[in-house]
Amino acid sequence: MKLEKILDEYFGFPSFRLGQKEIIQSILSHQHTLAMLPTGTGKSLCYQFPAYFFEGSIIIVSPLLSLMQDQVEQMKFQGEKRVIALNSFLTFQERQQVLAKLSHYRFIFLSPEIFNNQSVLSALKKIKIGLFVVDEAHCISQWGYDFRPEYLRLGEFRRALNNPLTLALTATATEKVRKDILHYLELDKVKEWIYTVDRPNIALSIEKMTSQKEKLSKLLHYVQRLEKPGIIYFSSKKIAEEITNYLMENGVSNVATYHADIEQEERILIQQQFLYGELDIICATSAFGMGINKENIRFILHYHLPSQLESYVQEIGRAGRDGKPSIAILLYVEGDEIVHKLWIENELPSNEQIDGYFQYENQLKNKEIIDYLQLSETQQRFLIYIKKRLTNESNLIKSTVAKQIKDDRVKTKYGNLQSMLRWIHSEDCLRKGILSYFDEEMEQIISPCCQQCGFDVTTFFCEQKETRKNDSERSWKDQLKKLFKVEGCQK
DNA sequence: CGTTCGTCCATTAATGGACGAACGGTGCCTTAAT
(Lines give C-alpha, C1' and ligand atoms only; values in the text may rest on other atoms or scores of the structure.)
Protein backbone atom coordinates (compact mmCIF):
# COMPACT_ATOMS: atom_id res chain seq x y z
CA MET A 1 0.00 0.00 0.00
CA LYS A 2 1.24 3.48 -0.78
CA LEU A 3 2.29 5.50 2.23
CA GLU A 4 0.06 8.41 1.22
CA LYS A 5 -2.96 6.16 1.21
CA ILE A 6 -2.19 4.91 4.71
CA LEU A 7 -1.65 8.48 5.84
CA ASP A 8 -5.05 9.43 4.53
CA GLU A 9 -6.89 6.38 5.84
CA TYR A 10 -5.31 6.03 9.26
CA PHE A 11 -4.36 9.60 10.13
CA GLY A 12 -6.68 11.67 7.99
CA PHE A 13 -3.97 13.82 6.43
CA PRO A 14 -4.05 14.43 2.66
CA SER A 15 -0.27 14.64 2.26
CA PHE A 16 3.02 14.49 4.14
CA ARG A 17 4.66 17.62 5.39
CA LEU A 18 8.27 18.51 4.68
CA GLY A 19 10.56 15.63 5.62
CA GLN A 20 8.00 13.33 7.18
CA LYS A 21 7.94 10.80 4.37
CA GLU A 22 11.72 10.56 4.12
CA ILE A 23 12.06 10.04 7.85
CA ILE A 24 9.31 7.43 7.95
CA GLN A 25 10.84 5.55 5.01
CA SER A 26 14.20 5.65 6.70
CA ILE A 27 12.69 4.08 9.84
CA LEU A 28 10.74 1.53 7.84
CA SER A 29 13.97 0.40 6.20
CA HIS A 30 15.38 -0.18 9.69
CA GLN A 31 17.98 2.56 9.72
CA HIS A 32 18.81 4.48 12.88
CA THR A 33 17.62 7.99 12.12
CA LEU A 34 18.39 11.48 13.36
CA ALA A 35 15.77 13.92 12.19
CA MET A 36 15.76 17.68 12.49
CA LEU A 37 12.54 19.32 11.45
CA PRO A 38 11.51 22.94 12.02
CA THR A 39 9.54 23.69 15.18
CA GLY A 40 5.91 22.72 14.94
CA THR A 41 5.91 20.64 11.77
CA GLY A 42 4.56 17.36 13.04
CA LYS A 43 7.40 15.31 14.41
CA SER A 44 5.16 12.89 16.29
CA LEU A 45 3.83 11.41 13.05
CA CYS A 46 7.37 10.20 12.36
CA TYR A 47 7.06 7.57 15.09
CA GLN A 48 3.30 7.09 15.14
CA PHE A 49 3.22 6.09 11.51
CA PRO A 50 5.85 3.33 11.55
CA ALA A 51 4.28 1.88 14.71
CA TYR A 52 1.64 0.18 12.61
CA PHE A 53 4.27 -1.60 10.51
CA PHE A 54 6.32 -2.92 13.41
CA GLU A 55 5.84 -5.74 15.80
CA GLY A 56 6.60 -4.70 19.31
CA SER A 57 6.21 -1.51 21.27
CA ILE A 58 7.41 1.99 20.52
CA ILE A 59 9.24 3.61 23.42
CA ILE A 60 9.25 7.39 23.44
CA VAL A 61 11.67 9.16 25.76
CA SER A 62 10.16 12.52 26.59
CA PRO A 63 11.56 15.34 28.72
CA LEU A 64 8.38 16.46 30.50
CA LEU A 65 5.59 14.71 32.36
CA SER A 66 3.03 17.22 31.09
CA LEU A 67 4.21 16.63 27.54
CA MET A 68 3.75 12.86 27.95
CA GLN A 69 0.31 13.27 29.46
CA ASP A 70 -0.75 15.57 26.60
CA GLN A 71 0.47 13.19 23.94
CA VAL A 72 -1.14 10.19 25.61
CA GLU A 73 -4.45 12.04 25.86
CA GLN A 74 -4.23 13.20 22.27
CA MET A 75 -3.54 9.70 20.99
CA LYS A 76 -6.35 8.25 23.06
CA PHE A 77 -8.62 10.92 21.65
CA GLN A 78 -7.57 9.83 18.17
CA GLY A 79 -8.62 6.30 19.02
CA GLU A 80 -5.33 4.65 20.01
CA LYS A 81 -6.02 2.98 23.35
CA ARG A 82 -2.79 1.01 23.71
CA VAL A 83 -0.78 3.94 24.98
CA ILE A 84 0.67 4.67 28.43
CA ALA A 85 2.83 7.23 30.18
CA LEU A 86 5.07 5.24 32.49
CA ASN A 87 5.99 7.80 35.12
CA SER A 88 5.60 8.93 38.69
CA PHE A 89 1.97 9.92 38.16
CA LEU A 90 1.16 6.21 38.45
CA THR A 91 0.63 4.77 41.91
CA PHE A 92 2.72 1.79 42.96
CA GLN A 93 -0.14 -0.61 42.21
CA GLU A 94 -0.87 0.99 38.84
CA ARG A 95 2.75 0.73 37.89
CA GLN A 96 2.89 -2.94 38.87
CA GLN A 97 -0.17 -3.63 36.75
CA VAL A 98 1.24 -1.75 33.76
CA LEU A 99 4.60 -3.52 34.03
CA ALA A 100 2.90 -6.91 34.25
CA LYS A 101 1.27 -6.46 30.85
CA LEU A 102 3.73 -4.05 29.28
CA SER A 103 3.80 -5.74 25.86
CA HIS A 104 0.12 -4.91 25.59
CA TYR A 105 1.02 -1.26 24.94
CA ARG A 106 1.92 -0.07 21.47
CA PHE A 107 3.22 3.29 22.68
CA ILE A 108 5.11 3.71 25.96
CA PHE A 109 6.06 7.26 26.97
CA LEU A 110 8.69 7.65 29.68
CA SER A 111 11.37 9.96 31.11
CA PRO A 112 15.10 9.17 30.98
CA GLU A 113 15.14 9.00 34.77
CA ILE A 114 12.71 6.08 34.94
CA PHE A 115 15.38 3.75 33.47
CA ASN A 116 17.09 3.93 36.86
CA ASN A 117 14.22 1.91 38.22
CA GLN A 118 15.26 -1.75 38.03
CA SER A 119 11.75 -3.16 37.87
CA VAL A 120 10.91 -0.84 34.96
CA LEU A 121 14.13 -1.66 33.16
CA SER A 122 13.73 -5.41 33.54
CA ALA A 123 10.12 -5.25 32.37
CA LEU A 124 11.27 -3.31 29.31
CA LYS A 125 13.97 -5.92 28.66
CA LYS A 126 11.34 -8.63 28.42
CA ILE A 127 9.22 -7.03 25.71
CA LYS A 128 9.91 -6.59 22.03
CA ILE A 129 10.83 -3.01 21.19
CA GLY A 130 10.03 -1.95 17.65
CA LEU A 131 11.43 1.55 17.92
CA PHE A 132 13.24 3.62 20.53
CA VAL A 133 12.39 7.30 20.08
CA VAL A 134 14.14 10.22 21.75
CA ASP A 135 11.87 13.24 21.47
CA GLU A 136 13.42 16.70 21.89
CA ALA A 137 16.80 15.01 21.51
CA HIS A 138 18.74 18.26 21.91
CA CYS A 139 18.02 17.87 25.63
CA ILE A 140 20.85 15.30 25.65
CA SER A 141 23.32 18.07 24.96
CA GLN A 142 21.46 20.91 26.62
CA TRP A 143 20.60 19.24 29.92
CA GLY A 144 22.61 16.02 30.05
CA TYR A 145 25.84 17.51 31.34
CA ASP A 146 24.42 19.05 34.47
CA PHE A 147 20.71 19.48 34.97
CA ARG A 148 19.55 15.98 34.05
CA PRO A 149 22.51 13.60 33.75
CA GLU A 150 20.33 10.59 32.85
CA TYR A 151 20.14 12.13 29.38
CA LEU A 152 23.79 11.21 28.95
CA ARG A 153 23.05 7.63 29.97
CA LEU A 154 20.46 6.96 27.27
CA GLY A 155 23.09 5.03 25.29
CA GLU A 156 23.71 2.79 28.27
CA PHE A 157 19.96 2.22 28.62
CA ARG A 158 19.64 1.51 24.91
CA ARG A 159 22.38 -1.09 25.25
CA ALA A 160 20.53 -2.66 28.17
CA LEU A 161 17.53 -2.99 25.86
CA ASN A 162 19.66 -4.71 23.23
CA ASN A 163 20.20 -1.71 20.92
CA PRO A 164 16.76 -1.24 19.43
CA LEU A 165 16.16 0.68 16.21
CA THR A 166 16.34 4.35 17.20
CA LEU A 167 14.88 7.65 16.06
CA ALA A 168 16.15 10.93 17.54
CA LEU A 169 13.94 13.95 16.90
CA THR A 170 14.70 17.63 17.38
CA ALA A 171 14.02 21.04 15.89
CA THR A 172 17.20 22.76 16.96
CA ALA A 173 20.59 21.09 16.89
CA THR A 174 23.85 22.49 15.64
CA GLU A 175 26.47 20.18 14.14
CA LYS A 176 28.09 19.90 17.56
CA VAL A 177 24.82 19.05 19.28
CA ARG A 178 24.01 16.44 16.63
CA LYS A 179 27.38 14.81 17.30
CA ASP A 180 26.57 14.80 21.01
CA ILE A 181 23.22 13.16 20.36
CA LEU A 182 24.75 10.34 18.30
CA HIS A 183 27.60 9.86 20.74
CA TYR A 184 25.48 9.63 23.85
CA LEU A 185 22.92 7.37 22.17
CA GLU A 186 25.83 5.18 21.05
CA LEU A 187 24.66 5.26 17.47
CA ASP A 188 26.75 4.80 14.37
CA LYS A 189 25.57 4.24 10.83
CA VAL A 190 22.84 6.79 11.18
CA LYS A 191 20.67 8.24 8.47
CA GLU A 192 20.42 11.98 9.11
CA TRP A 193 17.57 14.03 7.77
CA ILE A 194 18.36 17.65 8.49
CA TYR A 195 15.94 20.35 7.46
CA THR A 196 16.18 24.09 7.97
CA VAL A 197 15.55 25.74 11.33
CA ASP A 198 14.13 28.73 9.48
CA ARG A 199 10.52 29.77 9.94
CA PRO A 200 9.93 32.22 7.11
CA ASN A 201 6.65 33.58 8.44
CA ILE A 202 8.29 34.85 11.63
CA ALA A 203 9.79 38.33 11.22
CA LEU A 204 12.75 39.10 13.47
CA SER A 205 13.67 42.23 15.36
CA ILE A 206 16.14 43.25 18.04
CA GLU A 207 15.92 46.55 19.83
CA LYS A 208 18.75 47.82 21.96
CA MET A 209 18.02 50.25 24.73
CA THR A 210 20.05 52.01 27.36
CA SER A 211 17.94 51.44 30.47
CA GLN A 212 15.50 49.00 32.00
CA LYS A 213 12.99 51.83 32.28
CA GLU A 214 13.11 52.47 28.57
CA LYS A 215 12.69 48.76 27.95
CA LEU A 216 9.63 48.64 30.16
CA SER A 217 7.86 51.43 28.32
CA LYS A 218 8.81 49.89 24.98
CA LEU A 219 7.31 46.60 26.14
CA LEU A 220 4.04 48.24 27.08
CA HIS A 221 4.03 50.11 23.79
CA TYR A 222 4.30 46.85 21.86
CA VAL A 223 1.94 44.83 24.01
CA GLN A 224 -0.75 47.45 23.57
CA ARG A 225 -0.37 47.44 19.82
CA LEU A 226 0.73 44.03 18.58
CA GLU A 227 -1.86 41.54 17.47
CA LYS A 228 -2.39 38.90 20.15
CA PRO A 229 -2.01 36.25 21.49
CA GLY A 230 1.63 36.38 22.46
CA ILE A 231 4.28 35.18 24.89
CA ILE A 232 6.76 37.38 26.75
CA TYR A 233 9.92 35.63 27.94
CA PHE A 234 11.91 36.55 31.05
CA SER A 235 14.98 35.15 32.74
CA SER A 236 13.58 35.91 36.18
CA LYS A 237 10.45 34.57 37.85
CA LYS A 238 10.10 37.67 39.95
CA ILE A 239 10.30 40.12 37.08
CA ALA A 240 7.84 38.02 35.07
CA GLU A 241 5.36 38.45 37.94
CA GLU A 242 6.06 42.14 38.37
CA ILE A 243 5.49 42.83 34.71
CA THR A 244 2.29 40.82 34.65
CA ASN A 245 1.01 43.22 37.31
CA TYR A 246 2.43 46.24 35.51
CA LEU A 247 0.63 45.28 32.31
CA MET A 248 -2.66 44.77 34.13
CA GLU A 249 -2.32 48.11 35.88
CA ASN A 250 -1.91 49.66 32.48
CA GLY A 251 -5.07 48.28 31.04
CA VAL A 252 -3.79 45.11 29.40
CA SER A 253 -6.17 42.33 30.35
CA ASN A 254 -6.00 38.55 30.14
CA VAL A 255 -2.37 38.26 31.22
CA ALA A 256 -0.92 35.50 33.39
CA THR A 257 2.48 34.49 34.79
CA TYR A 258 3.97 31.07 34.21
CA HIS A 259 7.12 29.68 35.85
CA ALA A 260 8.36 26.71 37.84
CA ASP A 261 7.14 28.02 41.21
CA ILE A 262 3.53 28.16 40.05
CA GLU A 263 1.60 25.18 41.39
CA GLN A 264 1.18 22.31 38.96
CA GLU A 265 -2.62 22.66 38.86
CA GLU A 266 -2.41 26.38 38.20
CA ARG A 267 0.14 25.78 35.45
CA ILE A 268 -2.19 23.36 33.69
CA LEU A 269 -5.06 25.83 34.04
CA ILE A 270 -3.03 28.68 32.53
CA GLN A 271 -1.93 26.50 29.62
CA GLN A 272 -5.52 25.49 28.95
CA GLN A 273 -6.81 29.05 29.16
CA PHE A 274 -4.11 30.25 26.79
CA LEU A 275 -4.87 27.40 24.41
CA TYR A 276 -8.57 28.22 24.34
CA GLY A 277 -8.12 31.96 23.94
CA GLU A 278 -9.15 33.01 27.43
CA LEU A 279 -5.70 34.43 28.03
CA ASP A 280 -3.94 36.69 25.53
CA ILE A 281 -0.50 37.02 27.03
CA ILE A 282 1.74 34.77 29.11
CA CYS A 283 4.65 36.29 30.99
CA ALA A 284 6.89 33.29 31.31
CA THR A 285 10.32 31.92 32.09
CA SER A 286 11.83 29.17 29.99
CA ALA A 287 9.54 26.75 31.86
CA PHE A 288 6.78 27.63 29.43
CA GLY A 289 6.57 26.36 25.93
CA MET A 290 7.63 22.80 25.31
CA GLY A 291 4.62 21.00 23.90
CA ILE A 292 2.56 24.14 23.43
CA ASN A 293 0.66 23.42 20.26
CA LYS A 294 -1.20 26.64 19.76
CA GLU A 295 -1.62 27.57 16.14
CA ASN A 296 -2.21 31.29 16.26
CA ILE A 297 0.45 32.81 18.51
CA ARG A 298 1.23 36.12 16.81
CA PHE A 299 4.20 37.47 18.74
CA ILE A 300 7.05 36.37 20.96
CA LEU A 301 8.64 39.18 22.93
CA HIS A 302 11.89 38.67 24.81
CA TYR A 303 12.22 40.99 27.77
CA HIS A 304 15.42 39.09 28.54
CA LEU A 305 17.62 37.13 26.19
CA PRO A 306 17.94 33.35 26.52
CA SER A 307 21.38 31.80 27.10
CA GLN A 308 21.83 30.42 23.59
CA LEU A 309 20.48 30.72 20.07
CA GLU A 310 19.05 27.18 20.18
CA SER A 311 16.75 28.25 22.99
CA TYR A 312 15.87 31.44 21.18
CA VAL A 313 14.86 29.51 18.07
CA GLN A 314 12.81 27.08 20.17
CA GLU A 315 11.03 29.94 21.90
CA ILE A 316 10.22 32.07 18.87
CA GLY A 317 9.26 28.90 17.00
CA ARG A 318 6.08 28.75 19.06
CA ALA A 319 4.72 31.64 17.00
CA GLY A 320 2.92 31.33 13.71
CA ARG A 321 2.29 27.59 13.57
CA ASP A 322 -0.70 28.43 11.37
CA GLY A 323 1.72 29.83 8.80
CA LYS A 324 0.43 33.38 9.13
CA PRO A 325 2.78 36.35 9.59
CA SER A 326 4.12 36.60 13.14
CA ILE A 327 6.84 38.56 14.85
CA ALA A 328 9.67 37.95 17.31
CA ILE A 329 11.10 40.99 19.08
CA LEU A 330 14.07 40.84 21.43
CA LEU A 331 14.50 43.81 23.75
CA TYR A 332 18.06 44.15 24.96
CA VAL A 333 19.78 46.29 27.55
CA GLU A 334 23.48 45.86 28.15
CA GLY A 335 23.96 43.63 31.18
CA ASP A 336 20.89 41.48 30.64
CA GLU A 337 23.27 38.59 30.03
CA ILE A 338 24.93 38.82 33.45
CA VAL A 339 22.49 36.46 35.10
CA HIS A 340 23.39 33.77 32.56
CA LYS A 341 27.07 34.18 33.38
CA LEU A 342 26.27 33.65 37.04
CA TRP A 343 24.35 30.48 36.30
CA ILE A 344 27.13 29.17 34.10
CA GLU A 345 29.64 29.85 36.88
CA ASN A 346 27.59 28.35 39.66
CA GLU A 347 25.57 25.42 38.39
CA LEU A 348 28.49 23.00 38.36
CA PRO A 349 30.70 22.48 41.42
CA SER A 350 33.89 24.55 41.78
CA ASN A 351 37.33 22.91 41.74
CA GLU A 352 37.40 23.16 45.54
CA GLN A 353 34.02 21.44 45.83
CA ILE A 354 35.09 18.68 43.42
CA ASP A 355 38.33 18.05 45.31
CA GLY A 356 36.48 18.12 48.62
CA TYR A 357 33.82 15.72 47.43
CA PHE A 358 36.24 13.00 46.35
CA GLN A 359 38.57 13.63 49.27
CA TYR A 360 35.91 13.15 51.94
CA GLU A 361 33.96 10.52 50.08
CA ASN A 362 35.38 7.63 52.07
CA GLN A 363 35.38 9.41 55.41
CA LEU A 364 32.06 11.20 55.70
CA LYS A 365 28.45 10.32 55.03
CA ASN A 366 26.97 11.68 51.83
CA LYS A 367 24.71 14.09 53.65
CA GLU A 368 27.61 15.48 55.68
CA ILE A 369 29.62 16.13 52.52
CA ILE A 370 26.67 17.92 50.90
CA ASP A 371 26.18 20.12 53.96
CA TYR A 372 29.85 20.83 54.39
CA LEU A 373 30.50 21.71 50.74
CA GLN A 374 27.07 23.31 50.31
CA LEU A 375 26.34 21.39 47.12
CA SER A 376 23.22 22.20 45.15
CA GLU A 377 21.12 19.38 43.75
CA THR A 378 22.52 19.87 40.25
CA GLN A 379 26.06 19.84 41.62
CA GLN A 380 25.38 16.60 43.52
CA ARG A 381 23.93 14.95 40.44
CA PHE A 382 26.94 15.95 38.40
CA LEU A 383 29.32 14.46 40.96
CA ILE A 384 27.29 11.26 41.31
CA TYR A 385 27.31 10.93 37.54
CA ILE A 386 31.12 11.20 37.46
CA LYS A 387 31.41 8.73 40.31
CA LYS A 388 29.27 6.16 38.52
CA ARG A 389 31.03 6.67 35.22
CA LEU A 390 34.48 6.16 36.76
CA THR A 391 33.62 3.51 39.33
CA ASN A 392 36.96 1.70 39.12
CA GLU A 393 39.23 4.75 39.06
CA SER A 394 41.04 6.39 41.96
CA ASN A 395 39.61 9.45 43.64
CA LEU A 396 42.40 11.54 42.17
CA ILE A 397 41.43 10.54 38.65
CA LYS A 398 37.73 11.09 39.35
CA SER A 399 38.53 14.53 40.67
CA THR A 400 40.73 15.41 37.70
CA VAL A 401 38.23 14.18 35.13
CA ALA A 402 35.36 15.98 36.88
CA LYS A 403 37.26 19.27 36.76
CA GLN A 404 38.09 18.71 33.10
CA ILE A 405 34.48 17.99 32.16
CA LYS A 406 33.29 20.96 34.18
CA ASP A 407 35.78 23.30 32.51
CA ASP A 408 34.77 22.08 29.05
CA ARG A 409 31.15 22.54 29.88
CA VAL A 410 31.62 26.06 31.23
CA LYS A 411 33.62 26.94 28.14
CA THR A 412 30.94 25.61 25.81
CA LYS A 413 28.19 27.47 27.64
CA TYR A 414 30.17 30.71 27.60
CA GLY A 415 30.72 30.18 23.89
CA ASN A 416 27.00 29.72 23.31
CA LEU A 417 26.21 32.87 25.26
CA GLN A 418 28.87 34.78 23.31
CA SER A 419 27.31 33.64 20.02
CA MET A 420 23.95 34.87 21.26
CA LEU A 421 25.49 38.26 22.08
CA ARG A 422 27.39 38.44 18.79
CA TRP A 423 24.10 37.86 17.00
CA ILE A 424 22.42 40.62 18.99
CA HIS A 425 25.18 43.09 18.15
CA SER A 426 25.67 42.06 14.53
CA GLU A 427 24.58 44.44 11.82
CA ASP A 428 23.94 41.72 9.30
CA CYS A 429 20.58 40.13 8.44
CA LEU A 430 19.27 38.48 11.61
CA ARG A 431 17.82 35.48 9.81
CA LYS A 432 21.11 34.90 8.06
CA GLY A 433 22.81 35.07 11.45
CA ILE A 434 20.62 32.36 12.93
CA LEU A 435 20.98 30.16 9.88
CA SER A 436 24.74 30.45 9.83
CA TYR A 437 24.85 29.46 13.52
CA PHE A 438 23.19 26.23 12.40
CA ASP A 439 25.61 25.94 9.43
CA GLU A 440 22.91 26.84 6.96
CA GLU A 441 22.81 29.37 4.19
CA MET A 442 19.94 31.63 3.23
CA GLU A 443 18.37 30.15 0.17
CA GLN A 444 15.50 32.51 -0.39
CA ILE A 445 14.70 36.13 0.12
CA ILE A 446 11.96 36.60 2.64
CA SER A 447 9.81 39.62 3.17
CA PRO A 448 9.29 40.82 5.80
CA CYS A 449 12.60 39.37 7.04
CA CYS A 450 14.15 41.34 9.88
CA GLN A 451 14.79 44.87 11.01
CA GLN A 452 18.27 44.80 9.43
CA CYS A 453 16.72 44.06 6.06
CA GLY A 454 14.25 46.81 6.68
CA PHE A 455 10.69 46.18 7.61
CA ASP A 456 8.03 48.12 9.40
CA VAL A 457 7.09 46.78 12.83
CA THR A 458 3.88 48.78 12.71
CA THR A 459 2.51 46.47 10.02
CA PHE A 460 2.12 43.97 12.86
CA PHE A 461 0.07 46.45 14.88
CA CYS A 462 -3.68 46.17 15.23
CA GLU A 463 -4.09 49.92 14.68
CA GLN A 464 -2.58 49.68 11.25
CA LYS A 465 -5.44 47.51 10.16
CA GLU A 466 -8.03 49.80 11.64
CA THR A 467 -6.78 53.00 10.02
CA ARG A 468 -7.87 51.50 6.76
CA LYS A 469 -11.40 51.77 7.92
CA ASN A 470 -13.29 55.02 7.61
CA ASP A 471 -13.40 57.48 10.45
CA SER A 472 -16.95 57.05 11.60
CA GLU A 473 -16.61 53.30 11.86
CA ARG A 474 -13.40 53.73 13.76
CA SER A 475 -14.80 56.12 16.28
CA TRP A 476 -17.72 53.94 17.32
CA LYS A 477 -15.37 51.01 17.46
CA ASP A 478 -13.06 52.94 19.73
CA GLN A 479 -15.93 53.89 21.97
CA LEU A 480 -17.11 50.32 22.17
CA LYS A 481 -13.59 49.24 22.96
CA LYS A 482 -13.36 51.72 25.81
CA LEU A 483 -16.74 50.68 27.07
CA PHE A 484 -15.89 47.00 27.24
CA LYS A 485 -12.17 47.47 27.83
CA VAL A 486 -11.48 45.14 24.95
CA GLU A 487 -7.85 44.67 24.01
CA GLY A 488 -6.37 43.27 20.85
CA CYS A 489 -7.68 43.08 17.36
CA GLN A 490 -11.33 42.78 16.67
CA LYS A 491 -11.95 40.50 13.77
C1' DC B 1 27.09 41.47 39.58
C1' DG B 2 23.12 43.89 41.86
C1' DT B 3 19.15 43.44 44.44
C1' DT B 4 16.70 41.96 48.47
C1' DC B 5 16.30 40.14 53.00
C1' DG B 6 17.42 39.57 57.82
C1' DT B 7 19.92 41.11 61.79
C1' DC B 8 21.84 44.32 64.76
C1' DC B 9 22.18 48.49 66.99
C1' DA B 10 21.19 53.23 67.30
C1' DT B 11 17.71 56.37 69.81
C1' DT B 12 12.88 61.48 72.20
C1' DA B 13 10.21 52.64 71.88
C1' DA B 14 9.21 52.64 66.65
C1' DT B 15 11.83 53.64 62.75
C1' DG B 16 16.06 53.76 60.07
C1' DG B 17 20.73 52.94 58.58
C1' DA B 18 24.77 49.83 58.04
C1' DC B 19 26.29 45.39 56.85
C1' DG B 20 26.69 40.83 55.27
C1' DA B 21 24.46 36.76 53.36
C1' DA B 22 21.65 34.73 49.93
C1' DC B 23 19.87 34.45 45.54
C1' DG B 24 19.08 34.30 40.62
C1' DG B 25 15.81 29.09 34.86
C1' DT B 26 15.02 24.65 33.52
C1' DG B 27 12.57 18.59 36.03
C1' DC B 28 12.79 13.99 36.68
C1' DC B 29 12.72 10.73 40.76
C1' DT B 30 11.72 9.63 46.10
C1' DT B 31 13.29 0.71 46.76
C1' DA B 32 18.83 2.29 45.24
C1' DA B 33 25.50 5.29 48.35
C1' DT B 34 28.88 -0.19 49.44
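The sequence lines fix the lettering, A, B, ..., with proteins before strands; numbering per chain opens at 1. Keep in mind it's a predicted model, so treat the numbers as computed, not measured.
Summarising the geometry, the separation between OH on A:Tyr233 and P on B:dT26 is reported as 11 Å, rounded to the nearest angstrom. Across the protein-nucleic acid pair, A:Phe382 atom CZ and B:dT26 atom P stand 22 Å apart, rounded to whole Å. When rounded to the nearest whole Å, the span between CD of A:Glu113 and P of B:dT31 equals 15 Å. Nucleotide B:dT30 holds its P atom 10 Å from the CG atom of A:Leu90, rounded to whole Å. Going from atom OH of A:Tyr258 over to atom P of B:dG25 covers 16 Å, rounded to whole Å. Per the geometry, CD1 belonging to A:Ile338 stands 5 Å off C1' belonging to B:dC1, to the nearest Å. The nearest whole Å value for the distance from the CD atom in A:Glu150 to the C1' atom in B:dG27 is 11 Å. Put simply, CD on A:Glu345 is 18 Å from P on B:dC23, counting in whole angstrom units.
In textbook terms, a nucleotide whose glycosidic angle is within 90° of 0 is syn, and B:dA13 is one such case. Applying the 90° cutoff around 0 to the glycosidic angle, B:dT30 is assigned syn.
Salt-bridge annotation for A:Glu207 and A:Lys215: absent, with no side-chain N of the basic residue lying under 4.0 Å from a carboxylate O of the acidic one. With respect to A:Asp407 and A:Lys411, no salt bridge is recorded, no charged nitrogen being found less than 4.0 Å from a carboxylate O. The residues A:Asp322 and A:Lys294 are annotated as not salt-bridged, no charged nitrogen and carboxylate oxygen being separated by less than 4.0 angstrom. In summary, A:Lys365 and A:Asp371 do not engage in a salt bridge, as defined by a charged side-chain N under 4.0 Å from a carboxylate O.
With a 3.5 Å ceiling on both atom-pair distances, the Watson-Crick or G-U wobble partner of B:dC5 is B:dG20. The partner of B:dA13 cannot be assigned: no Watson-Crick or G-U wobble pair with both contacts below 3.5 Å exists in any strand. Using Watson-Crick or G-U wobble geometry with both donor-acceptor distances under 3.5 Å, B:dT30 finds no partner in any strand shown.
A gap of 14 Å separates the P atoms of B:dT11 and B:dA18, to the nearest Å. If you take atom C1' in B:dC9 and the same atom in B:dA13, they sit 14 Å apart, rounded to whole Å.
Aromatic ring centres of A:Tyr233 and A:Tyr303 lie farther apart than the 6.0 Å criterion allows. Centroid-to-centroid, the aromatic rings of A:Tyr312 and A:His302 come within less than 6.0 Å.
Residue A:Thr285 places at least one side-chain N or O closer than 4.0 Å to OP1 or OP2 of B:dT26. Put simply, A:Lys237 has a side-chain N or O that comes within less than 4.0 Å of OP1 or OP2 on B:dT26. The phosphate of B:dT31 has neither OP1 nor OP2 within less than 4.0 Å of any side-chain N or O from A:Ser119. At the phosphate of B:dT30, OP1 or OP2 sits under 4.0 Å from a side-chain N or O atom of A:Asn117. An OP1 or OP2 oxygen of B:dC29 is reached within less than 4.0 angstrom by a side-chain nitrogen or oxygen of A:Ser111. Of the side-chain N and O atoms in A:Ser88, one or more sit less than 4.0 angstrom from OP1 or OP2 of B:dC29. Checking the phosphate oxygens (OP1, OP2) of B:dG27, a side-chain nitrogen or oxygen of A:Arg267 falls inside 4.0 Å.
Stacking between A:Phe147 and B:dG27 is absent: the ring centroid is not both under 5.5 Å from the six-membered base ring centre and under 30° in plane angle. Lacking a ring centre under 5.5 Å from that of the base six-membered ring together with a plane angle below 30°, A:Trp143 does not count as stacked on B:dT26.
Distance check, rounded to the nearest 0.5 Å: CZ of A:Phe234 to CD of A:Glu242 gives 9.5 Å.
Residue order along DNA chain B, read from the 5' end via each residue's closest nucleotide, puts A:Asn346 first among A:Asn346 and A:Gln96. When each of A:Ile239 and A:Lys365 is assigned the nucleotide of DNA chain B with its nearest heavy atom, A:Ile239 is the one assigned upstream, toward the 5' end.
For A:Glu347, the side-chain atoms get nearest to B:dT26 when compared with the rest of B:dT26, B:dG27, B:dA32. The side chain of A:Leu342 approaches B:dC1 more closely than any other nucleotide in the set B:dA33, B:dC1, B:dA32. For A:Arg95, the listed nucleotide lying nearest its side chain is B:dT30; candidates were B:dC29, B:dT30, B:dG25. Across B:dC29, B:dG24, B:dT26, the shortest atom-to-atom separation from the side chain of A:Ala260 is found for B:dT26. Minimum atom distance to the side chain of A:Lys238 is reached by B:dT4, of the listed B:dC29, B:dG25, B:dT4.
No engagement by A:His340 is indicated, since no non-hydrogen atom pair under 4.0 Å with the nucleic acid exists. In this structure, A:Phe92 reaches the bases: a heavy-atom distance under 4.0 Å links it to at least one base atom across the strands shown. Counting non-hydrogen atoms under 4.0 angstrom, A:Pro306 reaches nothing in the nucleic acid. Backbone-only contact: A:Leu64 has heavy atoms under 4.0 Å from sugar-phosphate atoms and none from a base. Heavy atoms of A:Arg153 sit nowhere under 4.0 angstrom from any nucleic acid atom.
Considering A:Leu373, A:Ile386, A:Leu364 in turn, A:Leu373 is the only one that fulfils the side-chain contact (heavy atoms from CB on, under 4.5 Å) rule with A:Tyr357.
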